[in-house]
Every structure is written in structure tokens, then in C-alpha cells.
Amino acid sequence: MTRTPLESLLDQSVRALLTEKGINFGGELPFQRTRKEFQGEVTLVTFPLAKPMGVSPEQAAETLGKALLETNGLIAGYNVVKGFLNIEMSNRYWADQMANMASILDYGKATSKDKPLVMVEYSSPNTNKPLHLGHLRNNFLGWSVAEILAFAGHKTKKVQIINDRGIHICKSMQAWIADGRELSPEDLGMKGDKFVGHFYVEFDKAFKREVADLMAKGISEEKAKEDSPSMVAARDILIKWESEDKDIRALWSKMNSWVYEGFSKTYKRMEVDFDRNYYESETYLIGKEKVLDGLSRGIFYQQEDGSIWVDLETYGMDQKLLLRSDGTAVYMTQDIGTAILRFEDNPSLAYQIYTVGNEQDYHFKVLFIILELLGYSWAKDCYHLSYGMVDLPSGKMKSREGTVVDADDLMEDMVTTAQEKTEELGKLEGMSAEEKSELFELIGLGALKYFLLKVDPKKRMLFDPEESIDLQGNTAPFIQYSHARIKSILKRYEGAKDFDSSKISLEESERQLLVELSYFPVVVDEAATAYSPALVANYIYGLVKGFNQFYQQVPILKDGNGDTVAFRITLIEKVAEVVKNGMGLLGISVPERM
RNA sequence: GGUCGCGUAGCUCAGCUGGAUAGAGCACCUGCCUUCUAAGCAGGCGGUCCUAGGUUCGAAUCCUAGCGCGAUCACCA
């Protein structure tokens with residue numbers, strides 16, 4: 001567990017004192033941040049120490065406090081409340097800490113990438129429809145986790161698996177063919193992904209109509225779905241695709257390229273990127289091969305109809321299909337192939353993170369077991385970063401029912417809202433149109449990302465399209481605004497930034513801000529361990545709140561003492577850097593002015 | 001039904017590797033712009049931390065059971 005410099009320092013001092021008394025305390029010394037209603041910056045909880053010391057918790061605290069004060073010149077005082085020893089550090093200590101932090105460029109960031117390679121998968125779209133709100137949470141989360149790991153010193157690779165083959169894209173193809181006009185996205189003035197999605201919807205309409213017609217003729221629903229001419233045609237396309245029919249493959253490539261063109265515009269606006277794309281069309285054959293291999297090794301079994309299964313009953317699970325009776329691949333097949341390909345591509349890969357919704361918890365549990373059964377030692381290094389769905393007030397998003405919040409539309413709405421609000425405040429005098437639109441983009445996208453990332457990933461969250469996302473309180477715009485505030489002060493200051501630590505006397509809000517700053521590296525570490533951007537988001541919010549209190553109570557530029565001004569400038573400069581880097585880990589930019 | 005996850009203020013969420021009187025934001029009410037940006041600050045209102053047991057000096061946090069909500073258990077992806 002990472003600790004702040006203060007905790008490490010006191011840990012040593014306290015242990016030395018205990019050793020002196022002949023006590024060997026095995027566990028971690030329980031330090032925590034002092035609650036704000038008490039004096040002090042760090043608190044030692046002495047309940048666990050009472051027994052080994054043979055005294056009451058209060059006495060233990062009193063004894064240790066007294067001894068610490070005598071032996072450590074950096075401690076200014078202490079107070080004891082029940083079993084809590086609140087330790088107050090000297091101004092000198094904090095001034096020196098400030099100087100330390102100031103001397104580090106990108107404070108909190110690992111100085112070298114000496115931690116192992118991690119692959120983070122996110123997005124993983126199907127190529128038959130545009131990205132929606134669920135993808136936004138997925139992408140922001142995965143991208144941010146990769147950034148946090150990199151910041152903490154890992155080598156990282158960001159990847160997506162594109163589900164570019166299968167019946168879904170064949171449906172869009174069938175509708176496009178049936179339309180007969182050989183349209184391109186330009187003809188309808190649509191983004192490529194929207195265009196292909198449009199045909200997917202067209203297919204569904206035709207399919208439903210045909211099923212209804214057939215049922216009107218007295219045919220059962222099941223049979224009608226089976227015999228619907230559109231569905232028959234789509235299945236025919238899939239078979240032709242698998243047998244590498246030239247025309248079908250050409251159309252497939254064309255349709256997918258339209259989709260990619262659309263996706264890349266969306267990704268660009270989202271500001272997420274990938275180091276490498278994997279395509280299901282390139283991995284499903286590997287999966288098939290490995291499944292057959294597993295069959296021959298007796299790991300899997302075959303039913304009479306030719307389908308291949310794995311029996312997971314010893315793991316308390318069911319039988320799972322790995323290859324259909326007609327020999328075609330299922331979802332699991334390609335995931336097996338993809339995992340293997342990734343570890344083969346990257347011999348130094350230490351582990352892999354799959355950012356996928358919690359509806360697939362079971363699927364990944366099964367996948368990892370299968371990989372282990374196949375004998376891959378790295379199977380235990382696969383981790384499913386499972387996150388909760390984004391629900392609408394009306395319930396779950398369902399593309400077929402049209403209750404999907406489109407990613408492009410939502411981003412556009414957010415930027416428009418940001419623009420309206422910003423113009424209303426009227427602080428943009430002298431800004432060029434280009435700078436303004438950049439600012440609106442930054443605020444709108446920031447608010448959206450922050451909204452989706454500040455919540456614990458594993459929690460389900462609610463999004464109400466009727467209520468626009470807040471721009472006040474625990475939001476990105478508040479943080480961005482505070483950053484702009486700091487920058488505005490820094491622009492006015494031209495003096496020296498050196499200060500004499502011995503001449504610094506701290507105001508309470510100033511001291512709190514310093515304490516808050518000292519936690520940044522700890523938070524980064526925790527976020528990297530827990531794969532949780534939410535920890536970073538909430539930390540930055542707390543830091544910024546601390547800054548605003550300080551700002552409101554303490555004059556920064558107007559103090560008469562040069563050392564004090566230089567110190568405060570150094571302090572807020574560091575706060576600005578941490579805010580910028582911290583928000584950067586969430587993919588959110590902060591402006592110089594707003 | 002089995003398995004997994006969640007349940008904290010009117011709403012959205014922190015806190016969950018056990019520690020002090022459970023914290024924020026939104027909403028509602030009061031103050032603060034001739035002083036470094038009021039997207040801010042200060043204060044007020046608002047809680048059976050789902051319920052019942054258990055472990056502990058100490059439980060929102062850990063354990064057990066129950067209730068509620070959700071996901072999942074396909075020759076769909």
C-alpha cells in the first residue's frame with residue numbers, strides 16, 4: 001500500500017519508538033487523514049497499539065505523541081482524542097514538502113515505464129450500427145484505465161476487437177441489396193455508420209412485415225421467422241461470406257469501410273484511440289482451429305450432430321457450445337482465437353483487461369476457464385473489467401425499440417449546452433471564433449466524460465436525456481473553471497518563485513490544500529490497482545474544492561511578504577498541474593481561460 | 001430456480017483493505033461580486049447507511065440469513 005511521505009516518515013518514527021520499548025508491531029500502522037474538525041494533518045489510530053503497549057488507547061496516544069514531539073523536530077504538536085493521536089506538522093515541514101513537490105515535473109507520474117505491459121481492450125463495436133451511450137461509458141472507462149496504468153509506470157497497449165463478421169452485418173448487406181439503388185452514404189447525406197445502421201433497421205422492418213404476412217397465412221411464428229425471405233437471403237449471404245464468395249466479400253468490405261469511416265469520426269470527437277485493432281474476421285479461424293485441437297486432445301467433446309462442447313460441470317457451470325453443428329463459429333470461438341493471438345503478438349504481455357459490460361460476466365468466466373483448460377498459463381492473467389449498464393429512465397437501451405442514445409447526438413447536445421451556458425456568462429471577450437468553439441467542445445465533452453467516469457465502474461448508472469448534465473458542483477466544468485482561475489492568477493504574476501521555507505506561515509486552508517496535494521500519488525496508485533478512474537475524478541474534485549476555499553479566504557498576490565506570495569504561487573501552480581494531469585487521465589482537457 | 005452484482009439524504013453519488021459526531025453535488029432556503037474569474041465561497045434544511053442476527057474495544061464497511069432491484073444461465077453477439 002502506498003503511503004504519503006508524511007505517513008512513511010511517521011511510520012518510521014513510531015516504529016523506532018516501539019522498538020525502544022521492546023515492542024514489535026507486526027501489522028501496518030493505521031494512519032489516516034485527520035478529520036477536519038480536529039487539529040492536525042495525520043492521525044494515528046492507537047487502538048491496535050494499546051494491547052501490545054499494555055496501556056489504554058488514550059495513554060498509548062499520549063505516550064507516543066509526547067515522544068514524537070520530543071524526537072522529531074518537524075512535529076509542531078499533537079492532541080489526543082480517545083484512541084486517536086492527531087499529529088500537527090510544522091510550517092517548515094509543509095513548506096519543504098511544497099518545495100519537494102515543486103521540484104518534480106509531472107508530480108505523481110511514474111518516472112519510467114518499468115512496470116509490465118498491459119493490454120486494455122475497450123469499445124468492441126459491431127459493425128452494423130452506430131456507437132451509443134453505452135459505448136461512451138465503455139470507451140471512456142477503458143481509455144482512462146489505460147492512461148492511468150501508463151501514468152503509474154506500465155507499458156500499455158490499447159486495443160479493440162471489431163465484430164466485423166456474422167449475421168448482423170449480413171442483415172445490413174441484405175437490406176442494401178434489396179434496396180437495389182446501390183446507394184452510398186453520400187447519396188443519403190449520412191455518416192457511414194449511420195448509413196449502415198439505417199439498412200440494419202430497414203432489414204428489421206422488412207423482416208417483421210414478412211413474418212406478419214406469413215403468419216396471416218396461418219404459418220406458425222417460428223416457421224415464419226425461419227422462412228422470411230429477407231432472413232433466408234441474409235443467411236445465404238453469411239454462407240457465401242464464409243465460402244469467400246468474391247462479390248459478397250467485396251460488398252462486405254465496402255460496407256465495413258463505411259462503418260469505419262463513421263466510427264473514426266466518432267472516436268476522434270471522443271478523443272479515444274487504439275494502438276491496434278483486432279478483427280473477428282481474422283481471429284475466428286484461429287479459434288476454430290484451437291477448438292478442434294482441444295477436441296482431439298480430449299478437452300472438449302463432440303455431439304452426434306457434430307457440434308463441439310465443453311463440459312464445465314466440475315466448475316459448477318453448464319455445458320457450453322464452442323462450434324456449431326455446421327462447423328461455424330460462435331462468439332466464444334472467436335474470443336478464444338483473439339486471446340491467443342494477442343498473447344502470441346506480445347510475448348511480454350503481463351496481463352490483459354477486457355472492458356466489457358457486466359451482462360457478460362458469465363461469458364468471461366467461461367472464456368478464462370476454457371483458456372486454462374487449453375493449457376495457456378496466461379489464462380489467469382486475463383481480467384474482465386466489468387462495468388454496469390447505463391440505464392435510461394425508461395429502462396434499458398434497446399436498439400430495436402429506438403430507445404438508444406446515439407453517441408454523436410449526445411456529444412453534440414453537450415457541446416451546444418456548454419456553448420449556451422458559456423455565452424450566457426459572457427466572459428469570452430476577445431476570443432476568436434475558433435478558440436471559442438474549441439472551448440465549448442472541451443467543456444461539453446469534459447462534462448460528459450466526467451459524468452460517466454466519476455461513478456464507480458461496477459455500478460449501474462442512470463442517464464436522463466430530458467435533464468441535461470449538470471455544469472455545477474461535482475462536474476468537469478467546475479474543475480475546468482477552477483483551473484482557468486489559477487491560470488488567470490499565474491498570468492498576472494511575474495516575480496520570483498523561490499521562497500524561504502523558514503519564513504512560511506500557513507493559513508489553515510493553505511495547509512489543507514498541501515495535505516490534499518500530498519495524496520495525489522497515492523490516489524494514482526490506488527486507481528491503477530482498482531482500475532477505477534472514479535477515484536481520480538473524486539480526488540480532483542476534492543482538491544479543487546480545497547483550492548476554491550483557499551482562494552476565497554486567502555489573498556494570493558496581495559500579501560505583503562514576498563516569500564509568502566512566491567510560496568502561494570508555487571502552490572497553486574502545482575495544483576493546476578495536478579488538476580491538468582489528473583483530468584488528463586480521464587481524457588478531459590482543462591482550459592487556460594473560460 | 002442456480003450464479004453474480006447492487007441497495008447510503010427527495011434525486012445523483014462518495015465513503016466499503018473495520019475507527020472519531022456517515023460526507024459531497026443537485027434541488028430548496030439565507031448571506032457574500034468598487035478587492036486575484038460568483039461555472040465560486042460561507043451557512044441552513046435533509047439519514048432506521050434495505051431488514052434481522054453475528055464477529056469486534058469499535059460495523060455503512062466483515063460474516064450469515066432474508067427482502068428489493070438488475071444481469072446472466074442460447075447452435076444470439
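Letters A, B, ... mirror the listed sequences (proteins, then strands); counts begin at 1.
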- So, are A:R33 and A:E516 salt-bridged, with charged N and O less than 4.0 Å apart?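 So A:R33 pairs with A:E516 through a salt bridge.
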
N/O donor-acceptor pair, side chain [X] with base [N], under 3.5 angstrom:
{"X": "A:N86", "N": "B:rA20", "answer": "yes"}
{"X": "A:S482", "N": "B:rA39", "answer": "no"}
{"X": "A:T475", "N": "B:rA39", "answer": "no"}

Partner lookup for [N], please. Criteria are Watson-Crick or G-U wobble with both distances under 3.5 angstrom; report none if nothing qualifies.
{"N": "B:rU51", "result": "B:rA65"}
{"N": "B:rU3", "result": "B:rA71"}
{"N": "B:rG10", "result": "B:rC26"}
{"N": "B:rG40", "result": "B:rC32"}
{"N": "B:rC57", "result": "B:rG19"}

- Under 6.0 Å from the NZ atom of A:K223, do we count more than 12 heavy atoms belonging to anything else shown?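 Open: at most 12 neighbouring heavy atoms sit under 6.0 Å from NZ of A:K223.
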
- Look at atom CD of A:E222 and say whether more than 12 heavy atoms of other residues, nucleotides or ligands are closer to it than 6.0 Å.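 Check fails, neighbour count at 12 or below.
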
Provide the distance between the two [atom1] atoms, one in [N] and one in [M], to the nearest whole Å.
{"N": "B:rG70", "M": "B:rC32", "atom1": "P", "value": "48 Å"}
{"N": "B:rG10", "M": "B:rU51", "atom1": "P", "value": "14 Å"}
{"N": "B:rC73", "M": "B:rU48", "atom1": "C1'", "value": "37 Å"}
{"N": "B:rG18", "M": "B:rG54", "atom1": "C1'", "value": "15 Å"}
{"N": "B:rC13", "M": "B:rC49", "atom1": "C1'", "value": "13 Å"}
{"N": "B:rA22", "M": "B:rC45", "atom1": "P", "value": "14 Å"}
{"N": "B:rC67", "M": "B:rG15", "atom1": "P", "value": "28 Å"}
{"N": "B:rC26", "M": "B:rA42", "atom1": "P", "value": "12 Å"}

What nucleic acid atoms does [X] come within less than 4.0 Å of, heavy atoms only: base, sugar-phosphate, or nothing?
{"X": "A:K427", "answer": "base"}
{"X": "A:L535", "answer": "sugar-phosphate"}
{"X": "A:D326", "answer": "nothing"}
{"X": "A:P48", "answer": "base"}
{"X": "A:V45", "answer": "base"}
{"X": "A:I167", "answer": "nothing"}
{"X": "A:R492", "answer": "sugar-phosphate"}
{"X": "A:Y331", "answer": "base"}
{"X": "A:F47", "answer": "base"}
{"X": "A:V356", "answer": "nothing"}

Nearest of [options] to any side-chain atom of [X]?
{"X": "A:T422", "options": "B:rC4, B:rG23, B:rA39", "value": "B:rA39"}
{"X": "A:F478", "options": "B:rG40, B:rC36, B:rA20", "value": "B:rG40"}
{"X": "A:Y541", "options": "B:rA14, B:rA24, B:rA38", "value": "B:rA24"}
{"X": "A:D361", "options": "B:rA20, B:rC4, B:rC73", "value": "B:rC4"}
{"X": "A:M461", "options": "B:rU21, B:rC13, B:rC69", "value": "B:rC13"}
{"X": "A:E280", "options": "B:rA38, B:rA77, B:rG7", "value": "B:rA77"}
{"X": "A:V330", "options": "B:rA39, B:rA77, B:rG23", "value": "B:rA77"}
{"X": "A:R324", "options": "B:rC57, B:rC76, B:rC13", "value": "B:rC76"}
{"X": "A:V455", "options": "B:rU72, B:rA14, B:rA39", "value": "B:rA14"}
{"X": "A:E359", "options": "B:rU72, B:rU12, B:rA39", "value": "B:rU72"}

- Parallel, tilted or perpendicular: which describes the rings of A:F451 and A:F463, with under 30° parallel and over 60° perpendicular?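 Perpendicular.
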
- A:Y331 and A:H363 aromatic ring geometry - parallel, tilted or perpendicular at 30°/60° bounds: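 Answer is parallel, since the angle falls under 30°.
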
OP1 or OP2 of [N] less than 4.0 angstrom from a side-chain nitrogen or oxygen of [X], does that happen here?
{"X": "A:Y315", "N": "B:rU3", "answer": "no"}
{"X": "A:K545", "N": "B:rG40", "answer": "no"}
{"X": "A:R35", "N": "B:rA22", "answer": "no"}
{"X": "A:S488", "N": "B:rC36", "answer": "no"}
{"X": "A:Q32", "N": "B:rG19", "answer": "no"}
{"X": "A:R485", "N": "B:rA38", "answer": "yes"}
{"X": "A:K459", "N": "B:rA14", "answer": "yes"}
{"X": "A:Y362", "N": "B:rU72", "answer": "no"}
{"X": "A:R460", "N": "B:rC6", "answer": "no"}

- Query: Ring centroid separation for A:F47 and A:F84, is it under 6.0 angstrom?
  - Reply: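 So the answer is yes for these two rings.
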
To the nearest Å, how far apart are [X] [atom1] and [N] [atom2]?
{"X": "A:Q553", "N": "B:rG43", "atom1": "CD", "atom2": "C1'", "answer": "13 Å"}
{"X": "A:E526", "N": "B:rA14", "atom1": "CD", "atom2": "P", "answer": "15 Å"}
{"X": "A:K320", "N": "B:rU72", "atom1": "NZ", "atom2": "C1'", "answer": "9 Å"}

- Message: Run A:D204 and A:K208 through salt bridge (charged side-chain N to carboxylate O under 4.0 Å, His left out) and show every step you take.
- Response: CA-CA 6 Å; A:D204 203 54; A:K208 285 202 174 112; 3.0 Å; yes

- Task: Determine, answering yes or no, if A:F38 is stacked on B:rA20 under the 5.5 Å centre rule and the 30° plane rule.
- Result: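 Ring-base stacking flag set for A:F38 and B:rA20.
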
- Message: Is A:F84 stacked against the base of B:rA20, taking the criterion as centroid distance under 5.5 angstrom and interplanar angle under 30°?
- Response: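 Yes, aromatic ring over the base.
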
- Query: Does the side chain of A:S123 pick up a donor-acceptor pair with the side chain of A:N139 at under 3.5 Å?
  - Reply: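 Yes, A:N139 and A:S123 have a side-chain donor paired with an acceptor closer than 3.5 Å.
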
- Task: Apply side chain to side chain donor-acceptor pair (under 3.5 Å) to A:Q59 and list each qualifying residue two or more places apart in sequence or on a separate chain.
- Result: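 Checked A:Q59 against side chain to side chain donor-acceptor pair (under 3.5 Å); matches are A:S56.
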
- Query: Is the base of B:rC33 syn or anti, if syn means a glycosidic angle within 90° of 0?
  - Reply: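 Here B:rC33 takes the syn form, which means its glycosidic angle is within 90° of 0.
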
- Task: Applying side-chain contact (heavy atoms from CB on, under 4.5 Å) between A:S172 and each of A:N128, A:I237, A:N256, report the one that passes.
- Result: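 Going through the options one by one, the only one that passes is A:N128.
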
